[in-house]
Number of protein chains: 2
Amino acid sequence: MISKEERHDFILIKIQKERKLAMMDLATELGVSEHTVRRDLKELSDAGLLRAIRGGATLRSNIPFDIYDRNNLDVMEKQSIAEKSITLLKDHQVVFFDGGTTTQAIAGNIPENLNLTVVTHSLPIANILTSLPNISLIFAGGAFCKSSLTMQGQQTISTYGEIYADISFIGVCGLDLYRGLTARTLEETAIKRVLCKNSMNIVAATTSNKLDTPTSFLTCPASDISYLITEKDPSDHILQPYAAQGIAIL
Amino acid sequence: MISKEERHDFILIKIQKERKLAMMDLATELGVSEHTVRRDLKELSDAGLLRAIRGGATLRSNIPFDIYDRNNLDVMEKQSIAEKSITLLKDHQVVFFDGGTTTQAIAGNIPENLNLTVVTHSLPIANILTSLPNISLIFAGGAFCKSSLTMQGQQTISTYGEIYADISFIGVCGLDLYRGLTARTLEETAIKRVLCKNSMNIVAATTSNKLDTPTSFLTCPASDISYLITEKDPSDHILQPYAAQGIAIL
DNA sequence: GGCTAAACTGCAATATACTGCAACATTTTA
DNA sequence: TAAAATGTTGCAGTATATTGCAGTTTAGCC
């Protein structure tokens, strides 16, 4: 007999290799009923480890870098994160905005009467901010990256390098207590690092499904993070390990 | 068998590359009925991930600047200028785009199949170019200027300063044979000067009503201009003095 | 304007996948 | 060891996906 955990491990390993799994194949392979496999996939999918689709599962996203795919995901959660994030902002601060749909949601919630100097390398965020009268916008230019709709490269880094911010909103690819803030490409990492380095307060804003899921490139250790903002209540158990590290939870 | 989710992924990836998709092509490619593709496109379009059009789909233009375009004057003239301007472009050129509604019209007329490296400090132009698959875009960042929707300042200038272009499209505030190309602010002038300095060919693209109306700050002498493009026929008498100076008229 | 071909919409039929339920099995724990 | 908790199964009913067809709309063309 094969245990639930073993099945889960098996599924996760196999999906990495094959990108796509059919439920009925899994059922025969694991020697359990189709219904059981279905529940397994649901649990893994709820944990954000794969994407359940009709008749099976695929990797979390086949188009991992495609911004449009993520745009309409977790809209409510992102709105909640944005509203909490805004409370950290005060007049006359200098604020860095990293790319990503969560930071975009935050930018979209900045009230009109707030006076800020915002620096960003995200084109959508720049677009959003043009309509706010009291925002002084500095755009960190560079080579445009289609998949993320942000700029990257030496120019981008050097622009941030000349500015010191009160607060940085960092988009999260993966966050894990031991590995810290991680990103998926070296280019992204290089930019996130400057943001962190030149900022008094680092805010990691992310939906909770990205917690405890490290990616490859280290941006900064978890201990450098000042605030962690998710859609969950700060008392939620999933957040306690981070609170214990001295990160303020909102 | 290919699942619905996979089809959606496929469509989203492909539309990023090709900008426009035909329904029947998709149907044969994906091995499903036309009707099914139609429903896929409808779902993706309802989710705001693309725009369904008759016979297929196109990228949703995520360009919020139609607000500003509303007060666009001389639309027909600018279109005519844009079409003439495009004829100067060849594959693999490096092109500078100055800000302004005329240069914007030119950018909007770049054909899909043209391979260019474009450098610009205009936010609307950057937005337009994001949807063109064969354009490599470099954005010259800096401090955002609300009135012109462009960047300005040291960062902008230094970005252009590191690049040499085959051709520059310069937006015209005023042009006059004796004063040359002139602009209204020192900041604008500083940027236009770098564009001109680092460019093999300078193209002044403007509606004819800006000819012979000098403004205050000198960008470059008229003799430096390679091409003058207006909505008028090159034989028009108002253009003859410029032709006499050795400027090619289109 | 009227015509034709292509594209769209709605419907019914079919196959497949999912959900909830009740029963049964296994593992924990008191 | 018995009770409780958790995991598993098959079944029945429900929902979803896909297709082809028939009828309608639309775009382009003479």
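As the structure is a prediction and not an experimental result, all values here were calculated from the model.
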- Message: Rounding to an integer number of Å, can you tell me how far His8(B) NE2 sits from dA17(D) C1'?
- Response: 11 Å
- note: Arg39(A), atom CZ; dC18(C), atom P; distance rounded to Å ~ 14 Å
- Query: Salt bridge or not for Arg39(A) and Glu43(A), using N-O below 4.0 Å?
  - Reply: no
- Item | Between dT8(D) (P) and Asp40(A) (CG): distance, integer Å | 7 Å
All N/O pairs under 3.5 Å across the protein-nucleotides 13-16 of chain D interface:
{"residue": "dT16(D)", "atom": "O2", "partner": "Arg54(A)", "partner atom": "NH2", "Å": "3.1"}

- Task: Drop me the distance from Lys84(A)'s NZ to Lys232(A)'s NZ, to the nearest 0.5 angstrom.
- Result: 10.0 Å
- Item | Distance (rounded to the nearest 0.5 Å) between Leu88(B) CG and Phe169(B) CZ | 5.5 Å
- Got a donor-acceptor pair under 3.5 Å from the side chain of His35(A) to the base of dG20(C)? yes
- Task: Output yes when Glu5(B) and Lys20(A) qualify as a salt bridge under the 4.0 Å nitrogen-oxygen rule, no when they do not.
- Result: no
- Could you tell me the separation between the CG atom of Leu41(A) and the P atom of dT19(C), rounded to a whole number of Å? 11 Å
- Rounded to the nearest Å, what distance is computed from the CE atom of residue Met23(B) to the C1' atom of nucleotide dA5(C)? 15 Å
- When we call it a touch if two heavy atoms are under 4.0 Å apart, what does Ile53(A) touch: a base, just sugar-phosphate, or nothing? sugar-phosphate
- Message: Would the distance check show the side chain of Gln240(A) and the main-chain N or O of Pro234(A) forming a donor-acceptor pair, the cut-off being under 3.5 Å?
- Response: yes
- From CG of Asp25(B) across to P of dA6(C) the rounded distance in Å is 14 Å
- With the threshold set at 4.0 Å, does a side-chain nitrogen-carboxylate oxygen contact exist between Asp9(B) and Arg51(A)? yes
- Item | Separation of atom CG in Leu26(A) from atom P in dC18(C), rounded to whole Å | 12 Å
- Query: If you check the Ser33(A) side chain, which of dG10(D), dA7(C), dG10(C) turns out closest?
  - Reply: dG10(D)
